[in-house]
Protein chains: 2
Amino acid sequence: MLSEAVSHRRPLNAAKNMAPDVTLSSIFSDRPTESFAAGSGLVWEGDPANHVFEVVEGVLRIFRIIGDGRRAITGFLYPGDILGVSMRDRYLYSAEAVNSVKVRRFSATSFQQAINLSPELRPQFFAKLCDEMAGAQEQMVMLSRKNAEERICTFLLRLADKGAKDRCDNLEIEVPMTRLDMADYLGLTIETVSRTITSLIGRGVISQRGRHDMRINKIAMLARLAGDGDCMGANGSGGPYARQAVWPA
Amino acid sequence: MLSEAVSHRRPLNAAKNMAPDVTLSSIFSDRPTESFAAGSGLVWEGDPANHVFEVVEGVLRIFRIIGDGRRAITGFLYPGDILGVSMRDRYLYSAEAVNSVKVRRFSATSFQQAINLSPELRPQFFAKLCDEMAGAQEQMVMLSRKNAEERICTFLLRLADKGAKDRCDNLEIEVPMTRLDMADYLGLTIETVSRTITSLIGRGVISQRGRHDMRINKIAMLARLAGDGDCMGANGSGGPYARQAVWPA
DNA sequence: CGGAGTTTTGACTGGAATCAACTGCGGTGG
DNA sequence: CCACCGCAGTTGATTCCAGTCAAAACTCCG
């Protein structure tokens, strides 16, 4: 934990409030881009973590496979994201291209040195780690406490947010991944994903143009169905989890 | 991602292979310990992240509450663990004492500076972050793809591992948390937790001395029931997730 | 002893998984 | 061009695991 704590909003040694000239992704900028076809793998769980990748274009899926072949997708990486952070000497997970992907590759040791030597890069790196951690938390909450419809709605909302950064309207969303990817990410089966989406369409919450192009018609309804109701903070009324004293006994 | 990459097995500036004299927890060592009674809260989700805590004794639960009061415990912290890492300016989650807990408190900004100034501390800090990330991954896999029995067995195994560091035998395990804590951690209900444990006892896999003291009788069976079968790597036979080419197209 | 909280047990329900067709689409090649 | 195939997705019927509701048993303390 702690990440922003180790500064992030403002580089430590650059008090001037201008964008830092050295950014995390800038250290990849002179590297050639490599292309991966949809479905091809970049790294495998357990392999020595020799490289770090910056996603330039396309989407990656990050996953682990357990015992009898069950797959759990723990996240997707979009342009600007970095693959290989939060690794020890071996990759914690496998990564495959969801669609056609372009990446820039960097040696893990060089990356490590660059980070370690630059007081400008370090906070950005910490911030990345903490974002990743926050995302993992979010995912855990979803997987342990949300039903199928809430999961799908949460997922669609996240995609919309993601898309909002690129385009201006966030109501037309592109869904590059297959139903199987969605299912393995949300802890459901393809059938349940399909049924739930059909149901949302039936109620007019969303509509589909192509397989991978959706439109959100009722964003407020979608947010309500996502289930992270904002009863936060209040917590005054009884319930099983009423707040208790905050300070030492 | 990346963490060990930023070194961890060997401090950067201490080539001699002796234990580093400055450890992450040593920076807490001159701080007074504070006690929290079972059930009391240390930090709350959304509050400004002003402090970092080192757990000295006892167990903390880390959790978030969504919408209609559902609680998801995202982890437990044991002695030696640090609360408040991976935070940005606000806490991502709440923390409460499971049992009687002693902690040492440190200001987040001082902690941040200590980390940032010390090339010895930094790698340890990264390692912590990465361990946390690895744990989160593990948890996501469990929550999305394991059934009730597999979850309980996985949990008991983790407790056994944890205990093995303290005592010599890891078969007598202490379970400080309540069934409700376990349920909220594993994404189940207390009834299912109770039933599953009863079933394991019935089959002689484990036995119970007190409510919070268990004994593992058949550790191999428990590991098998936990479900992370080690079919890893192989992945040669068809299946929906056969490996594909690893190198660029 | 009593009462509140925790855990266990039982009966029943329900939501998602499973099993199984079927549709729709894009490519391929005769 | 169209028949054919393969794959992704949809839809339906049924099953089953875990959730829900309810009550009893056990524990811990005052």
Side-chain angles (χ1 to χ4, degrees), chain A residues 37-39 61 68-72 98-100 142-153 155 175-202 206-214 225 227 238-242 244, chain B residues 37-39 61 68-72 98-100 142-153 155 175-202 206-214 225 227 238-242 244:
Chain A
R61 61 174 164 256
D68 45 351
R70 287 171 287 185
R71 181 180 75 162
V98 167
N99 48 14
S100 196
M142 190 185 74
L143 290 172
S144 74
R145 288 292 171 234
K146 286 189 179 178
N147 65 24
E149 187 171 271
E150 291 171 324
R151 294 181 198 196
I152 296 285
C153 293
F155 180 67
V175 186
M177 51 292 284
T178 66
R179 300 285 187 249
L180 182 57
D181 286 334
M182 292 175 59
D184 285 350
Y185 180 58
L186 299 174
L188 302 169
T189 60
I190 47 175
E191 293 96 330
T192 299
V193 169
S194 181
R195 269 186 255 272
T196 306
I197 288 178
T198 302
S199 156
L200 289 172
I201 293 172
I206 60 174
S207 47
Q208 250 189 150
R209 210 164 310 289
R211 279 282 167 287
H212 298 279
D213 290 286
M214 301 196 176
L225 293 175
Y241 305 119
Q244 304 203 17
Chain B
R61 59 174 166 256
D68 45 350
R70 287 170 287 184
R71 181 180 74 161
V98 168
N99 48 15
S100 195
M142 191 185 73
L143 291 172
S144 75
R145 287 293 172 234
K146 286 188 179 179
N147 66 23
E149 187 170 273
E150 291 171 324
R151 294 182 197 197
I152 296 285
C153 292
F155 180 68
V175 186
M177 52 291 285
T178 66
R179 299 287 187 247
L180 182 58
D181 286 334
M182 291 176 61
D184 285 349
Y185 180 58
L186 299 174
L188 302 169
T189 61
I190 47 175
E191 293 95 330
T192 299
V193 170
S194 182
R195 269 185 255 274
T196 306
I197 288 179
T198 302
S199 157
L200 288 173
I201 293 173
I206 60 175
S207 48
Q208 248 189 152
R209 210 165 308 290
R211 277 283 166 288
H212 298 280
D213 289 287
M214 300 196 177
L225 293 175
Y241 305 120
Q244 303 200 20

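Chain letters run A, B, ... following the sequence lines, proteins first and then strands; every chain starts at 1. Predicted model only: the values in this text are computed from it and were never measured.
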* Results of salt bridge (charged side-chain N to carboxylate O under 4.0 Å, His left out) for A/R71 - residues two or more places apart only -> A/D181, A/D184

Atom-to-atom span, [atom1] of [X] to [atom2] of [N] - whole angstrom:
X	N	atom1	atom2	value
B/D213	D/dT27	CG	P	13 Å
B/I152	D/dA18	CD1	P	10 Å
B/N147	D/dG19	CG	C1'	15 Å
B/E149	D/dG19	CD	P	14 Å
A/M182	C/dA16	CE	C1'	16 Å
B/L188	C/dT7	CG	P	15 Å

* With sequence neighbours excluded, residues passing side chain to side chain donor-acceptor pair (under 3.5 Å) with A/T192 ->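 With sequence neighbours excluded, A/T192 shows a side chain to side chain donor-acceptor pair (under 3.5 Å) to A/T189, given in chain and number order.
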
Under 3.5 Å, N/O pairs linking protein and nucleotides 6-12 of chain D:
residue : atom : partner : partner atom : Å
D/dG9   : OP2  : A/R179  : N            : 3.0
D/dT10  : OP1  : A/R179  : NH2          : 3.2
D/dT10  : OP2  : A/R179  : NE           : 2.8
D/dT10  : OP2  : A/S194  : OG           : 2.8
D/dT10  : O5'  : A/S194  : OG           : 3.1
D/dT11  : OP2  : A/T198  : OG1          : 2.9
D/dG12  : N7   : A/R195  : NH1          : 2.9
D/dG12  : O6   : A/R195  : NH2          : 3.2

All side-chain contact (heavy atoms from CB on, under 4.5 Å) counterparts of [X], not counting sequence neighbours:
X	answer
A/S100	none
B/S207	B/R215, B/N217
A/I190	A/R179, A/L180, A/A183
A/S199	A/E149, A/R203

* Does the side chain of B/V175 come within less than 4.5 Å of B/M182's, by heavy atoms? ->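 Side-chain contact under 4.5 Å: yes.
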
* For the helix from C/dC1-D/dG30 to C/dG30-D/dC1, what angle lies between the axis at the first five pairs and the axis at the last five pairs, to 10 degrees? -> 30°

* Heavy-atom pair of closest approach, residues A/R145 and B/A72 ->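 Here A/R145 and B/A72 meet closest at CG-CB, 4.0 Å.
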
* Asked: Any side-chain N or O of B/T189 less than 4.0 Å from the OP1 or OP2 oxygen of D/dA18?
  ->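 So the side chain of B/T189 is outside the cut-off, no N or O lying under 4.0 Å from OP1 or OP2 of D/dA18.
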
* Asked: What nucleic acid atoms does A/G187 come within less than 4.0 Å of, heavy atoms only: base, sugar-phosphate, or nothing?
  ->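 Since only primed, P, OP1 and OP2 atoms lie under 4.0 Å of A/G187, the category is sugar-phosphate.
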
